Amino acid sequence: MEIRYTLALVTGAGGGLGRELAVALARLGAAILVADRDLPAAEQTVELVRAARVRGWAVQADLADEADVRMLAARAADLGGADILLNNAGGWTEGPAQYPYAPDLAWSRTLDLNLRSPMLLTRLFLDALGERRGRLGVGAVVNVGSSAGLEPGGYGSPEYAVAKAGLVRLTTALGDPETAARARVMAVVPGWVGLPRAQEQWAELTEAERAALPPLIDPGEVVRSVVHLLRRGAAGEVVELAGDRAARGR
Ligand SMILES: NC(=O)c1ccc[n+]([C@@H]2O[C@H](COP(=O)([O-])OP(=O)(O)OC[C@H]3O[C@@H](n4cnc5c(N)ncnc54)[C@H](O)[C@@H]3O)[C@@H](O)[C@H]2O)c1
């Protein structure tokens, strides 16, 4: 896929990885629809996007909320339809308690944000592409997973791990020829990414704690993987970025 002249919808792009991805795609010539629950943060990303001399729009949307997800898809359609969807928004619900100790609403929200909403937004994206097939060829979706979904432990939030595991299976399941003819649905699955907050937390760890962990993953490596998938990835492809996990035999 040629990224230039496309419209990319990036969720959770008001900060973190989503902002890095939005700005990288803007620099490659894509117009960006920036969705985030934090509107001022989304607007800041749009400033960065426009600095790359492409168009950008900010939309306030809680990606754990179905009505907001539908509104977001409608906004993309109003702009002529997205060619690229990055299902990036994710994370677990704040609070000390996670499943099975968290209130049902709290762990359900984590499932909604990390699995149900990407499923719904992907379906709405596929529907919209079907209505205008031929304009720019086959669309592309990249789901942002997490090593939480691949590793056996609870990862501090079993519901987050379950949702991220589901996101990987959603991706491989949508590698079927019928879906692939409309859009290549792919995923990137990073371990702990070296964003500023992670760098601070890493610095607070003891030497022994750091030695027991795989190194932080450079956000640029995640961006490069997503761009590579968009350009040349195959439908259903999942790219794991796990530091030296393999070398440690974990
Ligand atoms: N940071 C990591 O180390 C790491 C590792 C593996 C996977 N991931 C995944 O990468 C993605 C991005 O992670 P991050 O650490 O950059 O996120 P983050 O917590 O830094 O948040 C990035 C942006 O998402 C927005 N956001 C959060 N919840 C939202 C919601 N419900 N609706 C709309 N916007 C929302 C925030 O406002 C913020 O602007 C997530 O899917 C996460 O699970 C992150």
Side-chain angles (χ1 to χ4, degrees), residues 9-24 32-46 48-49 58-73 75 85-95 105-106 108-121 141-151 155-157 159-168 170-171 187-202 205 213-223 225-226 238-243 245:
L9 165 52
V10 188
T11 68
L17 205 48
R19 175 175 282 173
E20 302 272 339
L21 290 167
V23 172
I32 314 288
L33 180 53
V34 173
D36 204 288
R37 63 179 171 187
D38 180 343
L39 186 60
E43 285 167 340
Q44 279 177 21
T45 301
V46 167
L48 299 170
V49 161
V59 182
Q60 183 166 32
D62 178 356
L63 265 295
D65 181 279
E66 177 169 341
D68 277 13
V69 171
R70 291 184 183 277
M71 174 275 295
L72 186 55
R75 183 84 169 92
L85 167 62
L86 300 189
N87 280 315
N88 166 76
W92 57 73
T93 306
E94 291 301 320
L105 274 178
S108 297
R109 185 181 155 82
T110 301
L111 293 179
D112 287 346
L113 174 61
N114 294 281
L115 182 58
R116 191 174 187 282
S117 291
M119 286 182 82
L120 177 59
L121 197 52
V141 178
V142 180
N143 294 316
V144 179
S146 163
S147 54
L150 300 179
E151 293 184 4
Y155 219 81
S157 174
E159 58 272 48
Y160 176 73
V162 164
K164 291 297 195 185
L167 197 57
V168 167
L170 173 71
T171 305
V188 64
V189 181
W192 200 10
V193 182
L195 292 160
R197 190 184 55 200
Q199 298 276 10
E200 284 167 25
Q201 290 167 344
W202 184 263
L205 297 176
L213 290 168
L216 291 174
I217 293 162
D218 177 6
E221 194 186 337
V222 185
V223 169
S225 289
V226 170
V238 176
V239 174
E240 188 185 352
L241 301 168
R245 198 156 78 96

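In this text the structure is predicted, and so the values were computed from the model without any measurement. Values reported hereafter were calculated over all heavy atoms of this structure, with side chains retained and with hydrogens, waters and symmetry mates removed. Atoms within each ligand, like the ligands themselves, are counted from 1 in listed order.
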Visitor: Do you see a protein non-hydrogen atom under 4.0 Å from atom 41 (O) of ligand 1?
Guide: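 At least one protein heavy atom is under 4.0 Å away.
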Visitor: Counting heavy atoms only, name the option from Arg109, Glu20, Arg37 that's nearest to atom 28 (N) of ligand 1.
Guide: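 Considering heavy atoms of Arg109, Glu20, Arg37, the nearest to atom 28 (N) of ligand 1 sits in Arg37.
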Visitor: Can you find a pair of side-chain heavy atoms, one from Val69 and one from Leu63, that are under 4.5 Å apart?
Guide: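 Side-chain contact under 4.5 Å: yes.
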Visitor: Counting distance only, does the side-chain N/O of Thr45 pair as donor-acceptor with the main-chain N or O of Ala13 below 3.5 Å?
Guide: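 A pair under 3.5 Å: yes.
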Visitor: Quick check: does any side chain N or O of Arg19 sit under 3.5 Å from a backbone N or O of Ala41, one acting as donor and the other as acceptor?
Guide: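 Between the backbone of Ala41 and the side chain of Arg19 there is a qualifying donor-acceptor contact (under 3.5 Å).
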Visitor: So, 4.0 Å and heavy atoms of Ala198: is ligand 1 close enough to count as a contact?
Guide: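 Ala198: no contact with ligand 1 (<4.0 Å).
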Visitor: Quick check on atom 6 (C) of ligand 1 - does any protein heavy atom sit closer than 4.0 Å to it?
Guide: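 Yes, at least one protein heavy atom sits under 4.0 Å from atom 6 (C) of ligand 1.
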Visitor: Among protein heavy atoms, which sits nearest to atom 1 (N) of ligand 1, and what does the distance come to when rounded to 0.1 Å?
Guide: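 For atom 1 (N) of ligand 1, the nearest protein heavy atom comes out as Leu195 CD1, 3.7 Å.
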Visitor: Determine, using heavy atoms of Ala41 and all atoms of ligand 1, whether some pair is separated by less than 4.0 Å.
Guide: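 Flag not set, Ala41 not near ligand 1.
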Visitor: Among Leu33, Val226, Ile32, which residue meets the side-chain contact (heavy atoms from CB on, under 4.5 Å) test with Val10?
Guide: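 Testing each of Leu33, Val226, Ile32 against Val10, the sole residue satisfying side-chain contact (heavy atoms from CB on, under 4.5 Å) is Ile32.
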Visitor: Tell me which protein heavy atom sits closest to atom 23 (C) of ligand 1, plus the residue, atom name and distance to 0.1 Å.
Guide: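 Residue, atom and distance for the closest contact: Gly12 O, 3.2 Å.
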Visitor: Ignoring hydrogens and geometry, is there a side-chain-to-backbone donor-acceptor pair from Ser117 to Leu113 under 3.5 Å?
Guide: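 A pair under 3.5 Å: no.
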Visitor: Between CG of Asp112 and CD of Glu159, what distance do you get to the nearest 0.5 Å?
Guide: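 Taking CG in Asp112 and CD in Glu159, the distance rounds to 11.5 Å.
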Visitor: What part of Arg197 sits under 4.0 Å from ligand 1 if we count only heavy atoms: the side chain, the backbone, both or neither?
Guide: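 For Arg197, only side-chain atoms sit under 4.0 Å from ligand 1.
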Visitor: Which residue holds the protein heavy atom closest to atom 31 (N) of ligand 1, what is that atom called, and what is the gap in Å?
Guide: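 Looking only at protein heavy atoms, the one closest to atom 31 (N) of ligand 1 is Asp62 OD1, 3.0 Å.
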Visitor: Which atoms of ligand 1 sit under 4.0 Å from any heavy atom of Gly14?
Guide: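 Answer for ligand 1: 39 (O).
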Visitor: Who gets closest to atom 10 (O) of ligand 1 by heavy atom: Leu63, Thr110, Val144?
Guide: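 Heavy atom nearest to atom 10 (O) of ligand 1 belongs to Val144.
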Visitor: Short list, please: which atoms of ligand 1 are under 4.0 Å from a heavy atom of Ala61?
Guide: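 Result: 32 (N), 33 (C).
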Visitor: For atom 12 (C) of ligand 1, find the nearest protein heavy atom and state the residue, atom name and distance (0.1 Å precision).
Guide: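 For atom 12 (C) of ligand 1, the nearest protein heavy atom is Asn88 OD1, 3.3 Å.
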Visitor: If the cut-off is 4.0 Å to any non-hydrogen atom of Pro190, which atoms of ligand 1 fall inside it?
Guide: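 In order of numbering, the contacting atoms are 6 (C), 7 (C).
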Visitor: Can you spot which of Leu72, Leu21, Asp36 makes a side-chain contact (heavy atoms from CB on, under 4.5 Å) with Thr11?
Guide: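 Between Thr11 and the candidates, side-chain contact (heavy atoms from CB on, under 4.5 Å) is satisfied uniquely by Leu72.
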Visitor: Taking a cutoff of less than 4.0 Å between a non-hydrogen atom of the residue and any ligand atom, is Glu94 in contact with ligand 1?
Guide: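 So Glu94 does not count as touching ligand 1.
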Visitor: Can you tell which of Val188, Val59, Leu17 gets a heavy atom nearest to atom 14 (P) of ligand 1?
Guide: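 Going through Val188, Val59, Leu17 one by one, Leu17 has the nearest heavy atom to atom 14 (P) of ligand 1.
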Visitor: Walk me through it: do Tyr155 and Lys164 pass the test side-chain contact (heavy atoms from CB on, under 4.5 Å)?
Guide: CA-CA 11 Å; Tyr155 219 81; Lys164 291 297 195 185; over 6 Å; no
Visitor: Is Asn87 reaching over with its side chain to a backbone N or O of Val144, donor-acceptor style, under 3.5 angstrom?
Guide: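 Between the backbone of Val144 and the side chain of Asn87 there is no qualifying donor-acceptor contact (under 3.5 Å).
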Visitor: Hey, does Gly145 sit under 4.0 Å from ligand 1 if you only count heavy atoms?
Guide: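 Gly145 counts as a contact of ligand 1 under the 4.0 Å cut-off.
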Visitor: To which protein heavy atom is atom 38 (C) of ligand 1 closest, and what is the distance rounded to 0.1 Å?
Guide: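 Here the nearest protein heavy atom works out to Asp36 OD2, 3.4 Å.
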Visitor: Give me the nearest non-hydrogen protein atom to atom 43 (O) of ligand 1 as residue plus atom name, then the distance to 0.1 Å.
Guide: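 The protein heavy atom lying closest is Tyr160 OH, 2.6 Å.
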Visitor: Can you check whether Thr93's main-chain N or O pairs, donor with acceptor, with Thr110's side chain at less than 3.5 Å?
Guide: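 Checked: pair present.
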Visitor: Is it the case that the side chain of Asn143 and the backbone of Gly145 share a donor-acceptor pair, with hydrogens and angles ignored and the cut-off at 3.5 Å?
Guide: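 Not confirmed, Asn143 side chain does not pair with Gly145 backbone.
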Visitor: With a 4.5 Å heavy-atom cut-off, do Leu241 and Glu221 have their side chains touching?
Guide: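 SC-SC contact between Leu241 and Glu221 confirmed.
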Visitor: Measuring from non-hydrogen atoms of Gly194 to any atom of ligand 1, is the shortest distance under 4.0 Å?
Guide: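 No, that is not the case, since the closest heavy atom of the residue is not under 4.0 Å from the ligand.
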Visitor: Can you list the ligand 1 atoms lying under 4.0 Å from a non-hydrogen atom of Ala89?
Guide: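 Those atoms are 41 (O).
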Visitor: I would like to know whether Asp62 and Arg109 meet side-chain contact (heavy atoms from CB on, under 4.5 Å); could you show each step before the answer?
Guide: CA-CA 11 Å; Asp62 178 356; Arg109 185 181 155 82; 3.0 Å; yes
Visitor: Do Leu167 and Asn114 come close enough that some side-chain heavy atom pair is under 4.5 Å?
Guide: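 Not touching, per the 4.5 Å side-chain cut-off.
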Visitor: Considering only non-hydrogen protein atoms, determine which one is nearest to atom 4 (C) of ligand 1 and report residue, atom name and distance to 0.1 Å.
Guide: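 Protein heavy atom at minimum distance: Val193 CG2, 3.8 Å.
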Visitor: Taking distance alone, with no angle check, do Gly15 and ligand 1 share an N/O pair under 3.5 Å?
Guide: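 Indeed, backbone or side chain, Gly15 has an N or O that close.
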Visitor: Heavy atoms of the protein only: does one fall short of 4.0 Å from atom 17 (O) of ligand 1?
Guide: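 No, there is no protein heavy atom closer to it than 4.0 Å.
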Visitor: Check for a donor-acceptor pair, side chain of Ser147 on one end and backbone N or O of Ala242 on the other, with a separation under 3.5 Å.
Guide: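 Not a single qualifying donor-acceptor pair exists.
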Visitor: Note the single closest protein heavy atom to atom 20 (O) of ligand 1, along with its residue, its atom name and the distance in Å.
Guide: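 In this structure, atom 20 (O) of ligand 1 has Gly16 CA, 4.0 Å as its nearest protein heavy atom.
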